[in-house]
**Student:** 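Got a structure for you, written out below as C-alpha cells; questions coming shortly.
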Amino acid sequence: MNFELTEEQEMVRKVVRKFVDQEINPYIQEWDEKGHFESSIMNRLADLDLMGVCIPEQYGGSGMDYNTLAIVCEELERGDTAFRTAVSVHTGLNSMTLLQWGNEAQKQKYLIPQAKGEKVGAFGLTEPNAGSDVASLQTTAIQEGDYYILNGQKTWISLCDHADHFLVFAYTDKSQKHKGISAFIVERTMEGFSSQAIKGKLGIRAGNTGELFLDHVKVPKENLLGEEGEGFKIAMAALDNGRFTVAAGACGQILACLEESVKYCHERKTFGKEIGKHQLVQQMLAKMEAGYQMSRLLVFRAGELKNQGRRNTRETSLAKWQACDYANEAANDAVQIHGAYGYSHEYPVERFLRNSKAPVIYEGTREIHTVMQAEYVLGYRSDKTLSRSLPAWPYDEVKEEV
Ligand SMILES: Cc1cc2nc3c(=O)[nH]c(=O)nc-3n(C[C@H](O)[C@H](O)[C@H](O)COP(=O)(O)OP(=O)(O)OC[C@H]3O[C@@H](n4cnc5c(N)ncnc54)[C@H](O)[C@@H]3O)c2cc1C
C-alpha cells in the first residue's frame with residue numbers, strides 16, 4: 001500500500017490543473033450560460049496526450065496506469081463536469097472497452113485514432129424506455145449479408161453531436177433477453193445516422209448531450225464488438241470503467257466546493273467574525289474534507305485493482321455511489337456557505353450544485369448502486385472473472401486474444 005502519487009502522476013496532476021485554471025476556468029461560466037460545448041478543449045486535451053492516458057502506447061495512448069486516468073478526471077472536474085464527462089465517455093466507456101473487447105483490426109482502426117485524440121468516441125446505451133433497465137432497450141440489429149442493419153433511438157448520449165465513433169447496443173435476438181444484446185461500433189458518417197442535442201438541462205450545460213437516431217444504418221459485420229449476444233456483458237464491463245472516471249471526477253467536484261467555500265469563509269464576516277469561525281459552517285467544511293478523502297481512497301482502491309487486472313465491479317460501484325453523493329452534498333453545502341450569493345452565478349457554486357446532480361443519475365443511479373452493494377453483502381451477487389479483462393498495468397505488449 002502506497003498512498004503517495006508517483007512523480008509521473010504528480011506531473012500529470014499539475015499539467016491538468018494548470019490547463020483547467022488557464023483554459024477552462026476563465027471561460028466556463030460563459031460556456032455554461034450559453035449552453036456551449038467548446039469542442040476545441042478536446043483538441044487541447046489531445047495536444048496534452050490526455051485523450052488516451054491509460055491506453056497502451058502500442059495503441060496510441062500514453063501508457064500510464066489507471067489511477068492516472070482518475071487524476072486527470074479529478075482535475076478536469078475541479079473545473080467543470082462537462083469536460084470530465086467527455087473524457088469519461090471517450091476514454092472510460094469507449095476506448096477502454098475497445099481495449100478490453102476489440103479484436104486487433106478494431107483496435108487498429110478505431111482505438112488508435114481515439115487514443116491519439118484524432119477521433120472522439122462515445123457510448124450509446126440509454127434509450128427513451130431503457131435506462132437502469134438496460135434489457136428493455138428496443139434498438140435492433142438484423143444481419144443481412146455482410147452487414148447488420150441497425151434501427152432505433154438512443155437518448156441522453158454525451159457527445160452526441162461531437163463524437164465520430166459510437167458504441168451502440170442493440171438486440172440481435174430479442175428472444176434471448178439480455179443475452180440477445182450485441183455491441184457495435186457505429187460511425188457518424190454511416191448513412192441513416194443522425195443526432196440532436198437536448199436543450200434545457202439542469203446542469204452540465206457546457207456539455208453536449210442528446211439523442212441518436214438510427215434509421216436502417218448499415219454497419220459492416222466486422223464492427224460487431226465481441227460475439228453476438230455479448231453486448232450486455234460488454235456494456236456492464238464498460239460501466240466499470242466509466243463509473244471509475246465519474247467517481248474520480250466527483251472528487252474534483254468536492255475539491256472545487258472546498259476551495260471556493262474556504263475562500264468565502266475567510267472573506268465573509270457575520271457577527272463580527274469570519275463565517276469560518278462559526279462551528280456550524282465548519283461542520284459543512286469538515287464534511288466536504290471527509291467526503292473528499294474517503295472518496296479518493298475508494299477511487300484509488302478501484303484503480304489499483306484495475307492495475308492488477310482484477311475484476312472491480314463491486315469496488316467501482318461503491319466508489320461511484322459514495323463519491324457522487326458526497327459531491328452532491330458538498331455542492332449543496334457550498335451554496336449554503338455562500339448564503340444568498342451562492343444562489344446566483346456571481347459565484348461558481350450554483351453551477352457546481354447543478355452539475356453535481358447528473359453524476360448521481362448517470363452510470364447507475366444512486367438507487368442502483370445502493371441495491372448492488374446490498375446484494376453483494378447479502379451474497380445475492382458476486383463477480384466472476386470475465387472472458388476478457390482489461391490488461392494489467394504496467395503494460396507488456398498486449399497480445400491479441402483469439
Ligand atoms: C447528463 C447525462 C449524460 C448521460 N450520458 C449518457 C451516455 O453518454 N450514454 C448513455 O448510454 N447514457 C447516458 N445517460 C443516461 C443515464 O445513464 C441514465 O439516465 C441512467 O442510466 C438512468 O436511467 P433513466 O434516466 O432512464 O432512469 P430510470 O431507469 O427510469 O430510473 C428512474 C428512477 O427509478 C429508480 N429505479 C429504477 N430502477 C430501480 C430499481 N431496480 N431499484 C430502485 N430504484 C430504481 C432510479 O434510481 C431513478 O430514481 C446520461 C444521462 C445524463 C443525465
Side-chain angles (χ1 to χ4, degrees), residues 32 35 37 42 77 80-97 120-139 152-170 178 181 183-184 186 188 195-214 231-232 234-243 245-247 249-250 253 317 320-321 324-325 327-328 351 353-375 378 380-381:
D32 183 79
F37 176 66
M42 304 295 276
E77 192 153 353
D80 193 78
T81 310
F83 301 106
R84 194 276 306 147
T85 299
V87 167
S88 288
V89 298
H90 171 80
T91 304
L93 289 171
N94 190 317
S95 295
M96 289 171 78
T97 307
V120 173
F123 186 79
L125 181 63
T126 304
E127 298 190 359
N129 290 309
S132 311
D133 182 8
V134 170
S136 290
L137 64 84
Q138 287 167 6
T139 299
Q153 185 184 340
K154 299 286 171 181
T155 192
W156 289 105
I157 306 306
S158 304
L159 299 178
C160 67
D161 296 322
H162 184 77
D164 304 284
H165 309 149
F166 296 83
L167 292 184
V168 169
F169 297 83
H178 69 281
I181 297 173
F184 297 90
V186 175
R188 170 178 299 286
S195 64
Q196 185 179 300
I198 292 171
K199 303 278 179 214
K201 285 180 297 180
L202 173 70
I204 320 190
R205 292 187 183 163
N208 166 234
T209 324
E211 294 173 290
L212 307 181
F213 304 96
L214 301 144
F232 185 83
I234 293 173
M236 294 305 121
L239 288 169
D240 285 347
N241 300 324
R243 287 168 178 170
T245 62
V246 174
Q253 181 68 97
S317 154
K320 193 276 179 188
W321 169 36
C324 293
D325 266 10
N328 189 215
R351 174 167 51 85
L353 179 58
R354 290 187 287 100
N355 281 350
S356 69
K357 189 62 193 171
V360 180
I361 295 170
Y362 60 42
E363 304 220 26
T365 63
R366 165 193 293 156
E367 292 69 37
I368 292 298
H369 289 292
T370 307
V371 169
M372 280 175 73
Q373 293 303 318
E375 287 179 352
L378 283 161
Y380 299 159
R381 174 189 282 266

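Computed from heavy atoms alone, side chains included, the values below leave out hydrogens, waters and symmetry copies. Quantities reported herein were computed from a predicted structural model and do not represent experimental measurements. Both ligands and their constituent atoms are indexed starting at 1 by order of listing.
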**Student:** Return the residue, atom name and 0.1 Å-rounded distance of the protein heavy atom closest to atom 43 (C) of ligand 1.
**Tutor:** Glu367 CB, 3.8 Å
**Student:** Hey, what do you get for SG (Cys160) to CG (Asn208), rounding to the nearest 0.5 Å?
**Tutor:**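 That separation rounds to 4.0 Å.
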**Student:** Is there a nitrogen or oxygen of Thr209 sitting under 3.5 Å from a nitrogen or oxygen of ligand 1?
**Tutor:** no
**Student:** What I want to check is whether the side chains of Gln138 and Glu127 have a donor and an acceptor closer together than 3.5 Å.
**Tutor:**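 No - no donor-acceptor pair under 3.5 Å links their side chains.
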**Student:** Are Val87 and Thr245 side-chain neighbours, meaning at least one heavy-atom pair lies under 4.5 Å?
**Tutor:** no
**Student:** If I take atom OG from residue Ser88 and atom CD from residue Glu363, how far apart are they, to the nearest 0.5 angstrom?
**Tutor:** 6.0 Å
**Student:** Which option wins on minimum heavy-atom distance to atom 24 (P) of ligand 1: Gly131, Ser158, Ala235?
**Tutor:** Gly131
**Student:** Quick one: which ligand 1 atoms are inside 4.0 Å of a heavy atom on Thr365?
**Tutor:**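 Ligand 1 atoms under the 4.0 Å threshold to Thr365: 22 (C), 46 (C), 47 (O).
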**Student:** Would you mind telling me if ligand 1 is within reach of the side chain of Val89, the backbone, both or neither, using heavy atoms under 4.0 Å?
**Tutor:** side chain
**Student:** Return the residue, atom name and 0.1 Å-rounded distance of the protein heavy atom closest to atom 40 (C) of ligand 1.
**Tutor:**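 That would be Ile368 CD1, 3.9 Å.
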**Student:** Are Phe169 and Phe232 an aromatic pair by the rule of ring centers under 6.0 Å?
**Tutor:**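 No, the ring of Phe169 stays outside the 6.0 Å limit from the ring of Phe232, centre to centre.
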**Student:** Out of Val371, Val168, Leu212, who is nearest to atom 42 (N) of ligand 1 when you count heavy atoms only?
**Tutor:** Val371
**Student:** Heavy atoms of the protein only: does one fall short of 4.0 Å from atom 46 (C) of ligand 1?
**Tutor:**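 Flag for atom 46 (C) of ligand 1 set to true, protein heavy atom closer than 4.0 Å.
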**Student:** When you measure from the side chain of His369 to the backbone of Gly364, do you find a donor-acceptor pair of N or O atoms at a distance under 3.5 Å?
**Tutor:**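 At least one qualifying donor-acceptor pair exists.
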**Student:** Identify the closest protein heavy atom to atom 52 (C) of ligand 1: which residue and atom is it, and at what distance?
**Tutor:**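 The closest one turns out to be Tyr362 CD2, 3.6 Å.
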**Student:** Nearest protein heavy atom to atom 31 (O) of ligand 1, by residue and atom, and its distance?
**Tutor:**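 Sorting protein heavy atoms by distance from atom 31 (O) of ligand 1 puts Ser132 OG, 3.8 Å first.
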**Student:** Checking contacts now, so for atom 35 (C) of ligand 1, which I'm interested in, is there any protein heavy atom under 4.0 Å?
**Tutor:**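 Flag for atom 35 (C) of ligand 1 set to false, no protein heavy atom closer than 4.0 Å.
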**Student:** Where is the nearest protein heavy atom to atom 6 (C) of ligand 1: which residue, which atom, and how far?
**Tutor:**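 Looking only at protein heavy atoms, the one closest to atom 6 (C) of ligand 1 is Trp156 O, 2.6 Å.
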**Student:** Quick check for you: to the nearest 0.5 Å, what is the distance between Thr97 atom OG1 and Ile234 atom CD1?
**Tutor:** 8.5 Å
**Student:** Please report the interatomic distance CD(Gln196) to CD1(Ile157), rounded to the nearest 0.5 Å.
**Tutor:** 13.5 Å
**Student:** Provide the number and element of each atom of ligand 1 under 4.0 Å from a heavy atom of Ile157.
**Tutor:**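 Per the distance check, 7 (C), 8 (O), 9 (N), 10 (C), 11 (O).
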**Student:** Hey, is atom 28 (P) of ligand 1 under 4.0 Å from any protein heavy atom?
**Tutor:** yes
**Student:** List the closest protein heavy-atom neighbour of atom 9 (N) of ligand 1: residue, atom name, distance to the nearest 0.1 Å.
**Tutor:** Phe123 O, 2.8 Å
**Student:** Hey, what do you get for CD (Gln373) to CD1 (Ile368), rounding to the nearest 0.5 Å?
**Tutor:**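 Answer rounded to 0.5 Å: 12.5 Å.
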**Student:** Would you check the N or O atoms of Ile361, main chain and side chain alike, for any that come under 3.5 Å of an N or O of ligand 1?
**Tutor:** no
**Student:** Consider only side-chain N and O atoms of Tyr362 and Thr85, and report whether a donor and an acceptor are under 3.5 Å apart.
**Tutor:**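 Yes, a side-chain donor-acceptor pair sits under 3.5 Å.
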**Student:** I want to know if ligand 1 touches Lys201 in the polar sense, i.e. an N/O pair below 3.5 angstrom.
**Tutor:** no
**Student:** Just how far is it from atom OG1 of Thr81 to atom CZ of Arg205, taken to the nearest 0.5 Å?
**Tutor:**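 One gets 12.5 Å once the value is rounded to the nearest 0.5 Å.
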**Student:** Of the side chain and backbone of Thr126, name the one, both, or neither that has a heavy atom under 4.0 Å from an atom of ligand 1.
**Tutor:** both
**Student:** Please check atom 17 (O) of ligand 1 for a protein heavy-atom neighbour under 4.0 Å.
**Tutor:**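 Yes; the ligand atom in question has protein heavy-atom contact below 4.0 Å.
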**Student:** The test is side-chain contact (heavy atoms from CB on, under 4.5 Å); show your working for Asp325 and Val360 and say whether it passes.
**Tutor:** CA-CA 7 Å; Asp325 266 10; Val360 180; 3.8 Å; yes
**Student:** Does any donor atom in the side chain of Thr370 or Arg366 lie under 3.5 Å from an acceptor atom in the other side chain?
**Tutor:** no
**Student:** Output yes when the distance from some N or O of ligand 1 to some N or O of Leu125 is under 3.5 Å, and no in every other case.
**Tutor:** yes
**Student:** Is it the side chain, the backbone, both or neither of Glu363 that has a heavy atom closer than 4.0 Å to ligand 1?
**Tutor:** backbone
